[in-house]
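One-based numbering, in listed order, for ligands and for the atoms of each.
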Amino acid sequence: MAPVVGEEYLDGHVVVRDGRIAAVGSGHAGRFSGEQVRMIDATGCLVTPGLVNTHHHLYQWATRGMAVDKNLFDWLVELYPVWAHIDAPLVEATTAAGLAWLALSGCTMSMDHHYVYPHDAGDLFTAQVEAAQRIGLRFHPTRGSMDLGQSRGGLPPDRIVEETDAALAATEDAIDRWHDPAPDSKLRVAVAPCSPFSVTSRLMTEAAELARRKGVRLHTHLAETVEEEEFCRKTHDCTPTEYAERLGWLGDDVWLAHGVHLNSDAIGRLGATGTGVAHCPSSNGRLGAGIAPVRQLLDAGAPVGLGVDGPASQEAGRLGDELRQALLAARLRGGPASLTAREALSMATIGGARCLGRDKETGSIEKGKLADLAVWRLDGIGQVGIDDPVVALVYGAQPPLELLLVGGETVVRHGELQTGDADSLARGVRRAHRQLMKRVRR
Ligand SMILES: [Zn+2]
């Protein structure tokens, strides 16, 4: 019997060979005579696909806990001048620590959206790639950009935006240097101008053309707040979704962060075009942005994944927690039938893989797919007595992680990171934060 997405085994096995899932089924895996075998007894545990993070800004790990009571635009205006002082060592330290933190919350694949490139900051993209290779997660860094400074009607100060052509050239260079299209790739690059209020229409249009010429995916922030909607109506005389469609930014090679303020026409267009949405319920709550219409997006057929978003607007940053946040947010908006525990888990796994264009390769436990697996311990005091393991995972506190495998390689074991020292990663972020604040005060 071929395992299918959604099938569950109360008592089952997964066989991993050469980084891929060789078998999955009920009961014991049987004998493996003549092979070198490592057996893992997961009694008391739930095995799920590794979680997929569809929206993040890892550099913000150095600027958490600031502008804590502000809406998006006021928060950005306070933080842009701080971010103007980031450099490559800060990006290296925050990327490593942020990915380690994601791994410890069950994440096997994450994107990053980096859009702040100060002129003298060094090679930030390479710093990210090297940090990710060290921690061992599947990584989809996006080359972000901003070219609409205050003097031209945008929100960011002019000194942290790039020239349009320079941003496009740097984006193309990042793709040429780093993008790996192989089916088992641990490094894929996408193109990601930041948002309607920090990017010109020309950069949006030409970025989409570049991505399609190169065969890579497209990402941006869209429909996050009422202020953004007002900006689009005033500047372009349309909603953010109409603006995106006008610029060639709807399609099954695009996923959008947030999608909070979407009318029924917009939801229909996202569903019809297969445009994905990175749902970030904790960040939306922290900034008071609103609650995304997740039920309606799922019903319209749009791919929906979960994202932690940048740690400056979501200090907790654990992807495992977003399962519960997504469930609660959907129900606060539309009542208890709005989202089930299994739908939340599906968004965090195969839904996220669809957003990142990896659903044929990962996001579910199926024979032949990459062995990206999370093993959650459910027999401890936090989850004990909840009979349904998926309910225990989603409704309860995030359980301890027994094991995290990325392509069969161990990244977390018994709740401890195996690919780096968590204390030294924390020290790296503390150093980066202090040096940043010193530069800001200067
Ligand atoms: Zn964001």
Side-chain angles (χ1 to χ4, degrees), residues 52-64 66-68 70-80 82-83 86 91 94-95 98-99 101-102 107 110-117 124 128 140-146 148 154-156 160-161 190-199 204 207 217-229 231 240 244 249 254-262 275-292 304-319 322 325-326 329 352 355-356:
V52 178
N53 182 39
T54 58
H55 190 59
H56 211 317
H57 312 286
L58 287 155
Y59 75 96
Q60 292 177 8
W61 209 261
T63 62
R64 295 195 295 160
M66 302 164 87
V68 288
K70 302 274 175 75
N71 72 13
L72 175 70
F73 278 15
D74 293 342
W75 171 87
L76 281 168
V77 165
E78 189 166 326
L79 282 162
Y80 283 138
V82 179
W83 295 339
I86 65 170
V91 167
T94 51
T95 300
L99 289 175
W101 190 242
L102 281 173
C107 176
S110 181
M111 66 81 74
D112 189 63
H113 186 185
H114 193 96
Y115 54 84
V116 181
Y117 289 90
L124 305 186
Q128 287 217 289
H140 285 219
T142 66
R143 208 306 181 169
S145 47
M146 302 192 291
L148 185 65
L155 194 67
I160 62 164
V161 305
V191 175
C194 186
S195 64
F197 51 85
S198 62
V199 176
M204 289 296 284
R217 297 181 75 76
L218 282 163
H219 181 65
T220 192
H221 294 95
L222 203 83
E224 182 174 359
T225 65
V226 287
E227 290 82 9
E228 178 197 325
E229 169 126 4
F231 179 92
W249 267 79
V254 180
W255 85 107
L256 307 167
H258 302 298
V260 173
H261 297 278
L262 300 170
T275 308
V277 173
H279 175 42
C280 307
S282 289
S283 171
N284 297 154
R286 201 278 207 185
L287 293 169
I291 301 175
V304 182
L306 295 185
V308 294
D309 202 358
S313 68
Q314 209 280 70
E315 279 76 1
R318 295 203 300 185
L319 187 54
E322 294 307 292
Q325 287 293 343
C355 286
L356 299 190

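By the 30° and 60° cut-offs, the orientation of the rings of W61 relative to H56 is tilted. Classified by interplanar angle (parallel below 30°, tilted 30° to 60°, perpendicular above 60°), the ring pair H219/H55 is tilted.
Taking the N/O/S atoms of D309 in turn, the shortest distance to the Zn ion (ligand 1) belongs to OD1. Between the Zn ion (ligand 1) and the N, O or S atoms of H55, the shortest distance is to NE2.
Within the 3.5 Å criterion, the main-chain N or O of T63 finds no donor-acceptor partner in the side chain of Q60. Side chain of W255 to main chain of T54: a donor-acceptor pair is present (N/O by atom type, distance under 3.5 Å, no hydrogens or angles).
Backbone or side-chain N, O or S atoms of H56 do not reach the Zn ion (ligand 1) at under 2.8 Å. Inclusion of H57 in the first shell of the Zn ion (ligand 1) is supported: an N, O or S atom falls under 2.8 Å. Backbone or side-chain N, O or S atoms of C280 do not reach the Zn ion (ligand 1) at under 2.8 Å.
The closest side-chain heavy-atom distance from Y117 to R143 is below 4.5 Å.
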